[in-house]
Amino acid sequence: MIRLIRGFRDILPEHTGLWALVEGVARELLENFGFSEIRLPVLEHTELFARGIGADTDIVEKEMYTFTDRNGDLLTLRPEATAGVVRSYVEHGFCASAPVQKLYTMGPMFRRERPQRGRYRQFYQINAEVLGVQSPLADAQLLVLVHEFFSRLGVTDAAVHVNSLGCPNCRNPYKEELKSYLAAKSGRLCQNCLRRKETNPLRVLDCKSEQCAEAVAGAPSMTDWLCDACRDHFAAVLSAAESQGVALVLDPRLVRGLDYYTRTTFEVRTSALGAQNAVAGGGRYDGLVQLLGGPPRPGIGFAVGVDRLVEILAAQKGYPQKCPDVYFACLGDAAKKAGFSLAAGLARAGVAAEMDFDGAGLKGQMKRAGKSGARFVVILGEDELAGQKAQVRNLKTKEQTEQPMEGLVESLARRVKEEKDNG
RNA sequence: GUGAGUGUAGCUCAGCUGGUGGUAGCACCGGGUUGUGGCCCCGGAGGUCACGGGUUCAAGUCCCGUCACUCACCCCA
């Protein structure tokens, strides 16, 4: 038997309904907030990610699916979407012709990490990016959008954590301050943090080890080191988002792994997922467009981890069940043909209709009809064909009536609609 | 990449200190009802006990290796 590649998975029909629901809510909301869809390739030149994400991040160092194409090009399956969106923005000249772009995209990303709960090697993200806007209202709009998205889906324990990482002007002095603080505490840091305090001191702030958390409790906070411009920006983001009822958790320990983040950074967390508690994350990346060969243009965006979100929703509410409105149980070849044509007519009329193709007995077909969750069964056999009347049975109420086959599509469509209106 | 735990029917799992694979539950198929579902009753089908080696008279059970899954670390959505 040929099996799945490790870390990859099939999303089976019983689950795709929830995926479609999540994507549908996202799409509608994003469109209403003025975003336009952009569809991008899954494969890009490796250099895009090496430059965009940062050559010495873990993603680029050891987690990318990278291979050499037949002509020698070094290609990579995208580990995240932002770099590709920005590449497209620059490549198509939007920087000059239409610098303000609000874009969204959804699809698979790839990272070669060790799989565990909520983490797969092919995973799905919904991404939204605002390019060319400096205003804190852009940051706030994304927070409002994210908040609305989760509440519309009914995720109960999602909390939006937010922080500002400042700009290079204020972050670099802060980093130095933090480094010297950490140096003084180095005796109490865990192995990882001893290494990290040099390479990526901000990361020490959100180390999960208890001793590090204690050691870092009195550490200087980035928000105290923000320059005037960054401080004003952050304050404006918070007040605009809060004016729309978005509950924010100010979290000076919130740090993001990717090099390109500046200023506003945020993450949606939930307790429902074990160690993988982030279900969405994002932030401002004012240097990225330029880093990828464009003129200086600000940007901000976020990504929702769809795999994780679906898992949370499934745990809270289960997967929605899909059932046909009408199920045809037909006995004999002539009745099969009649049922085939009626089922097709109903499907064309917008009614979910299913028929039993096989020649099982009536009992078997009724059983399958019941199992399918259909509201109505239409029974067609020799007697019905002879009289040109079908038996229509409501599986919930057990009412069964005879209906003329003439006009059956219309009458069934009407009854289905009534049933649905009555709940 | 590191650590720990699991691997028996399509799914969930029994299987004791080694001694013939479970009338186990769910799901599936058929029958009880020549043409009426869910409940009930009866029957059926389904397995290289993850794979490979070793110990033994004898291995699902013990040992080693491989692979996969799970959880966690690392990192991240």
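In the text below, chain A, chain B and the rest are named by the order of the sequence lines, each starting its count at 1. Everything quoted here is computed from the prediction, not taken from an experiment.
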J.: For the side chain of A/Glu113, counting heavy atoms from C-beta on, which of B/A68, B/A77, B/U33 is nearest?
T.: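 Of the options given, the side chain of A/Glu113 lies nearest B/A77.
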J.: Between the side-chain atoms of A/Gln400 and the base atoms of B/U36, is any donor-acceptor pair under 3.5 Å?
T.: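 Yes.
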J.: For a quick test of reading the model: is some side-chain N or O of A/Arg6 closer than 4.0 Å to OP1 or OP2 of B/C69?
T.: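 For B/C69, OP1 or OP2 has a side-chain N or O of A/Arg6 closer than 4.0 Å.
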J.: For nucleotides B/G53 and B/U48, find the distance between their C1' atoms and express it as a whole number of Å.
T.: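 The same atom, C1', in both gives a distance of 16 Å.
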J.: 5'-most contact on RNA chain B: A/Asn394 or A/Arg112, nearest heavy atom basis?
T.: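 The residue closer to the strand's 5' end, by nearest nucleotide, is A/Arg112.
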J.: Between B/C75 and B/C69, how far apart are the P atoms? Round to whole Å, please.
T.: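 Those two atoms are separated by 23 Å.
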J.: Side chain to side chain contact (heavy atoms under 4.5 Å, CB included) with A/Phe123: which of A/Arg119, A/Arg121, A/Gln125?
T.: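 Result: among A/Arg119, A/Arg121, A/Gln125, A/Gln125 is the only option passing the side chain to side chain contact (heavy atoms under 4.5 Å, CB included) with A/Phe123.
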J.: A/Lys102 and A/Glu129: salt bridge (charged side-chain N to carboxylate O under 4.0 Å, His left out), yes or no, with the steps?
T.: CA-CA 6 Å; A/Lys102 294 167 73 176; A/Glu129 316 286 346; over 6 Å; no
J.: Would you tell me if any nitrogen or oxygen in the side chain of A/Gln116 comes within less than 4.0 Å of OP1 or OP2 on B/A72?
T.: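 So the side-chain polar atoms of A/Gln116 do come within 4.0 Å of the phosphate oxygens OP1 or OP2 of B/A72, strictly under.
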J.: According to the Watson-Crick and G-U wobble definitions, with both distances under 3.5 Å, which nucleotide is paired to B/C73?
T.: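 Across any shown strand, B/C73 pairs with B/G1.
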J.: Considering only heavy atoms and no angle criterion, is a donor-acceptor pair shorter than 3.5 Å present between the side chain of A/Arg308 and the base of B/C76?
T.: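 Side chain to base: pair present.
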J.: For atom P, what is the distance between B/G25 and B/C76, given to the nearest Å?
T.: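 Roughly 50 Å separates the two P atoms.
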J.: The side chain of A/Arg117 is closest to which nucleotide in this list: B/G35, B/G37, B/C71?
T.: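 Ranking B/G35, B/G37, B/C71 by closest atom to the A/Arg117 side chain puts B/C71 first.
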J.: With a non-hydrogen cut-off below 4.0 angstrom, is A/Glu382 in contact with a base, only sugar-phosphate, or nothing?
T.: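 It contacts base atoms.
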J.: Is there, by distance only and without an angle test, a donor paired with an acceptor across the side chain of A/Arg119 and the base of B/C75 below 3.5 Å?
T.: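 Counting by modelled atom types and ignoring angles, a donor-acceptor contact under 3.5 Å is found here.
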J.: For B/C28, take OP1 and OP2 only and decide whether either is under 4.0 Å from a side-chain N or O of A/Lys371.
T.: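 So the side chain of A/Lys371 is within the cut-off, an N or O lying under 4.0 Å from OP1 or OP2 of B/C28.
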J.: If you find the nucleotide of RNA chain B closest to A/Arg114 and the one closest to A/Val268, which residue's nucleotide is nearer the 5' end?
T.: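 Result of the comparison: A/Arg114.
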J.: Could you please name the partner base of B/G44, counting Watson-Crick and G-U wobble pairs only when both distances are under 3.5 Å?
T.: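 B/C28 - that is the nucleotide pairing with B/G44, both distances being under 3.5 Å.
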J.: Would you mind pulling out the nucleotide paired to B/G65, Watson-Crick or G-U wobble, both distances under 3.5 Å?
T.: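 Here B/G65 is engaged in a pair, and the nucleotide opposite it is B/C51.
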J.: I need the CH2-P distance between A/Trp19 and B/A77, as an integer number of Å.
T.: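 That distance rounds to 16 Å.
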J.: Which part of the nucleic acid does A/Gly361 contact within heavy-atom distance under 4.0 Å: base, sugar-phosphate only, or nothing?
T.: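 Answer is nothing: A/Gly361 stays at 4.0 Å or more from every strand.
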J.: What nucleotide among B/G37, B/A72, B/A77 has an atom nearest to a side-chain atom of A/Gln125?
T.: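 Nucleotide nearest to A/Gln125's side chain: B/A77.
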J.: Under 3.5 Å for both donor-acceptor distances, Watson-Crick or wobble: does B/G18 have a partner, and if so which one?
T.: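 When the pairing criteria are applied, nothing turns out to pair with B/G18, so the answer is none.
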J.: When you compare B/C39 with B/C26, how far apart are their P atoms, in angstrom units rounded to a whole number?
T.: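 Each nucleotide's P atom is 10 Å from the other's.
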J.: Donor-acceptor pair, A/Glu80 side chain versus A/Ala83 backbone, under 3.5 Å?
T.: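 Answer holds: yes.
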J.: Counting the atoms with a prime plus P, OP1 and OP2 as sugar-phosphate, which does A/Gly332 contact under 4.0 Å by heavy atoms, base, sugar-phosphate, or nothing?
T.: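 Here A/Gly332 touches no strand at all.
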J.: For A/Arg368, answer base if it contacts any base atom (sugar-phosphate contacts may also be present), sugar-phosphate if it contacts only those atoms, and nothing otherwise; contact means non-hydrogen atoms under 4.0 Å.
T.: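 The answer is sugar-phosphate, as A/Arg368 gets under 4.0 Å only of primed atoms, P, OP1 or OP2.
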J.: To the nearest angstrom, how far is A/Gln391 atom CD from B/G35 atom C1'?
T.: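 It works out to 10 Å between those atoms.
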J.: Mind checking if A/Val279 touches a base, just sugar-phosphate, or nothing, with heavy atoms under 4.0 Å?
T.: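 Since only primed, P, OP1 and OP2 atoms lie under 4.0 Å of A/Val279, the category is sugar-phosphate.
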J.: Please report, rounded to the nearest Å, how far the P atom of B/G35 is from the CG atom of A/Asp383.
T.: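 Roughly 11 Å, once rounded to whole Å.
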J.: Both distances under 3.5 Å, Watson-Crick or G-U wobble: report the partner of B/G37, or none.
T.: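 In the structure as shown, B/G37 has no Watson-Crick or wobble partner.
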J.: What integer number of Å spans the C1' atoms of B/G43 and B/U23?
T.: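 These two C1' atoms come out 11 Å apart once rounded.
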J.: In the strands shown, is B/G60 matched to any nucleotide by a Watson-Crick or G-U wobble pair with both distances under 3.5 Å, and which?
T.: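 With both distances under 3.5 Å required, B/G60 matches none.
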J.: Using a distance-only test with no angle check, is there a side-chain donor-acceptor pair under 3.5 angstrom linking A/Glu354 and A/Ser372?
T.: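 There is no such pair (donor and acceptor under 3.5 Å, judged by atom type) between the side chains of A/Glu354 and A/Ser372.
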J.: Any donor-acceptor pair under 3.5 Å linking the side chain of A/Arg393 with the backbone of A/Gln400?
T.: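 No, A/Arg393 side chain to A/Gln400 backbone: no donor-acceptor pair under 3.5 Å.
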J.: Are the side chains of A/Thr262 and A/Leu165 in touch, meaning some heavy atoms are under 4.5 Å apart?
T.: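 Answer no - side chains too far apart.
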J.: Nearest to the side chain of A/Leu331 - B/G37, B/C75, B/G35?
T.: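 The answer is B/G35.
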J.: Heavy-atom count around A/Phe340 CZ within 6.0 Å, excluding the residue itself: above 12?
T.: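 Incorrect, the count does not exceed 12.
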J.: Reckon A/Glu384 touches a base, only the sugar-phosphate, or nothing at all at heavy-atom distances under 4.0 Å?
T.: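 Answer is base: heavy atoms of A/Glu384 come under 4.0 Å of a base.
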J.: On a whole-Å scale, what distance lies between the P atoms belonging to B/U56 and B/C16?
T.: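 Straight-line distance between the two P atoms is 23 Å.
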J.: Is A/Lys367 touching bases, backbone alone, or none of the nucleic acid, heavy atoms closer than 4.0 Å?
T.: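 Counting heavy atoms under 4.0 Å across all strands, the contact made by A/Lys367 is with sugar-phosphate only.
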J.: I'd like the P distance from B/G5 over to B/G65, given in whole Å.
T.: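 Their P atoms lie roughly 13 Å apart.
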J.: Could you tell me how far B/C40 sits from B/U33 if I compare only their C1' atoms? Round to whole Å.
T.: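 After rounding to an integer number of Å, I get 13 Å for this pair.
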J.: Looking only at the side chain of A/Leu362 (C-beta and beyond, no hydrogens), which of the listed nucleotides B/C76, B/U36, B/C73 gets closest?
T.: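 Comparing B/C76, B/U36, B/C73 against the side chain of A/Leu362, the answer is B/U36.
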J.: Taking atom C1' of B/C76 as reference, at what distance in whole Å does atom CG of A/Leu202 sit?
T.: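 Interatomic distance, CG of A/Leu202 to C1' of B/C76: 16 Å.
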J.: What is the nucleic acid contact for A/Ala278, judged by heavy atoms within less than 4.0 Å: base, sugar-phosphate only, or nothing?
T.: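 The answer is sugar-phosphate, as A/Ala278 gets under 4.0 Å only of primed atoms, P, OP1 or OP2.
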J.: Write down the atom of A/Met405, the atom of A/Ala390, and the distance for their closest heavy-atom approach.
T.: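 Looks like CG-N, 4.0 Å.
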J.: With distance as the sole test, does A/Lys336 use its side chain to make a donor-acceptor pair with the main-chain N or O of A/Asp356 at under 3.5 Å?
T.: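 Present.
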J.: From CD of A/Glu267 over to P of B/C76, roughly how many Å is that when rounded to an integer?
T.: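 Spelled out: CD on A/Glu267 to P on B/C76 is 10 Å.
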J.: Atom CZ of A/Phe123 to atom P of B/C76: distance rounded to whole Å?
T.: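 For the pair A/Phe123 CZ and B/C76 P, the rounded distance is 12 Å.
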